[in-house]
Amino acid sequence: MKYWLMKSEPDEFSIDDLQRCTEQKTAWQGIRNYQARNFLRDQVSINDLVLFYHSSCKVPAIVGLAKVSQPAQADSSAFEPSSPYFDLKSDPNAPRWVEVELTFIAKFVNQISLKQLKADVNLADMMLVTKGARLSVQPVKESEFNYILSLCEH
DNA sequence: GCCAACGTTGGC
DNA sequence: GCCAACGTTGGC
């Protein structure tokens, strides 16, 4: 069992959108960064747990929990010319980008803001709060994950 | 909207 | 393979 943090702009796709999806599942498409892609492709496994993070919004925060319900497969949006994620260089015979499927688990009543995360000495080493951590798919240590969940339950 | 910090591209 | 120019992310 591994733990991840995945970012989404709530204007594009929020935790509420995930909860409203059919069967509360969605294809996590549009990752166009090689380091993030490599995590998705090589390390993210079915049943891994995912902290859902809202970025580029008024209060950036960890807002909920999801799980990986399907492992990596070709990101079909890369082949759709009408998609904002279209990538001419992704060959269907050798897909450059991958997607996973996420399933909603919970929306946190106590959302943990970036400000709060940064101020917490217990999370000083968390990738999200280290300088310049722009990765949209990040590994989270088990200790960090459990600690964050404990904050959300307060 | 600004801009720092990264990431990518492409000429050489 | 270097690196300048350009593009993107994302907090503020």
Side-chain angles (χ1 to χ4, degrees), chain A residues 2-21 26-44 48-68 71-102 104-141 143-145 147-152 154:
Chain A
K2 294 183 296 301
Y3 306 94
W4 305 95
L5 180 143
M6 297 192 193
K7 298 181 180 177
S8 186
E9 300 188 15
D11 290 347
E12 298 291 327
F13 191 84
S14 70
I15 189 74
D16 295 316
D17 293 327
L18 178 59
Q19 189 169 15
R20 282 193 293 264
C21 284
T26 193
W28 199 248
Q29 296 182 325
I31 300 298
R32 296 291 179 269
N33 169 283
Y34 288 104
Q35 207 177 341
R37 188 279 310 269
N38 292 345
F39 279 129
L40 286 181
R41 187 188 60 189
D42 304 334
Q43 296 196 43
V44 173
D48 283 357
L49 294 174
V50 176
L51 297 170
F52 197 104
Y53 178 84
H54 282 174
S55 64
S56 293
C57 56
K58 192 169 183 184
V59 183
I62 293 171
V63 296
L65 186 64
K67 74 171 180 183
V68 177
Q73 58 174 322
D75 184 339
S76 59
S77 67
F79 311 130
E80 287 292 333
S82 62
S83 168
Y85 302 127
F86 177 65
D87 183 356
L88 187 63
K89 294 175 184 171
S90 186
D91 177 353
N93 296 316
R96 177 176 294 199
W97 306 113
V98 300
E99 64 186 55
V100 297
E101 183 188 75
L102 293 188
F104 176 86
I105 295 179
K107 178 181 177 180
F108 295 146
V109 175
N110 295 307
Q111 304 188 345
I112 314 297
S113 69
L114 180 61
K115 186 178 177 184
Q116 186 179 346
L117 293 164
K118 282 183 170 174
D120 195 320
V121 292
N122 294 300
L123 297 172
D125 295 331
M126 190 179 179
M127 188 180 285
L128 185 71
V129 304
T130 60
K131 201 174 180 180
R134 302 190 312 181
L135 260 189
S136 57
V137 175
Q138 306 183 356
V140 175
K141 295 188 196 77
S143 58
E144 295 165 345
F145 180 85
Y147 178 73
I148 288 167
L149 276 200
S150 75
L151 294 177
C152 296
H154 284 168

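Remember, predicted model here, so these are calculated numbers, not experimental data. Below, chains carry the letters A, B, ... as their sequence lines are ordered, and counting in each starts from 1.
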Original post:
Looking at A:Ser136 and A:Ile31, what are the two nearest heavy atoms and their distance?
Top reply: OG-CD1, 3.5 Å

**OP:** Looking only at side-chain atoms of A:Lys89, point me to the closest of B:dT9, B:dG7, C:dC12.
**Re:** B:dT9

**OP:** Send over the distance from A:Arg96 CZ to B:dG7 P, rounded to a whole Å.
**Re:** 17 Å

**OP:** Could you label the plane-to-plane angle of the A:Trp28 and A:Phe13 rings as parallel, tilted or perpendicular, counting under 30° as parallel and over 60° as perpendicular?
**Re:** perpendicular

**OP:** Scan A:Glu9 against the nucleic acid and name what it touches under 4.0 Å (heavy atoms): base, sugar-phosphate only, or nothing.
**Re:** nothing

Original post:
For A:Leu135 and C:dT8, what is the distance between atoms CG and C1' respectively, to the nearest whole Å?
Top reply: 13 Å

Original post:
Where do A:Leu151 and A:Gln116 come nearest, in terms of heavy atoms and distance?
Top reply: CD1-NE2, 4.4 Å

Original post:
Touch check for A:Lys115, heavy atoms < 4.0 angstrom, all strands: base, sugar-phosphate only, or nothing?
Top reply: nothing

Subject >> Residue A:Lys118, side-chain atoms from C-beta onward, closest of C:dG10, B:dT9, C:dG11 >> reply: C:dG11

**OP:** Please test A:Gln29 against A:Ser76 for side-chain hydrogen bond (donor to acceptor under 3.5 Å, both in side chains), starting from the C-alpha separation and ending with a verdict.
**Re:** CA-CA 8 Å; A:Gln29 296 182 325; A:Ser76 59; 3.0 Å; yes

Original post:
To the nearest angstrom, how far is A:Asn38 atom CG from B:dG7 atom P?
Top reply: 12 Å

Original post:
For C:dT9, does either OP1 or OP2 sit under 4.0 Å from a side-chain N or O belonging to A:Lys7?
Top reply: no

**OP:** Could you state the atom-to-atom distance from CE of A:Met127 to P of B:dC6 in whole Å?
**Re:** 12 Å

**OP:** Taking only the side-chain nitrogens and oxygens of A:Tyr53, find out if one of them lies under 4.0 Å from OP1 or OP2 of C:dT9.
**Re:** no

Subject >> Distance in angstrom units between A:Glu12 CD and C:dT8 P, rounded >> reply: 14 Å

**OP:** Could you tell me which non-hydrogen atom of A:Phe79 sits nearest to which non-hydrogen atom of A:Phe86, and how far apart they are?
**Re:** C-CD1, 3.8 Å

**OP:** Give the rounded distance in Å between these two atoms: CG of A:Asp87 and P of C:dG7.
**Re:** 16 Å

Original post:
Can you find an N or O donor on one side and an acceptor on the other, under 3.5 Å apart, linking the side chain of A:Arg134 with the base of C:dT8?
Top reply: yes

Original post:
What is the distance from NZ of A:Lys58 to C1' of C:dG10, rounded to the nearest Å?
Top reply: 17 Å

Original post:
Nearest-Å distance, CG (A:Leu117) to C1' (C:dC12)?
Top reply: 16 Å

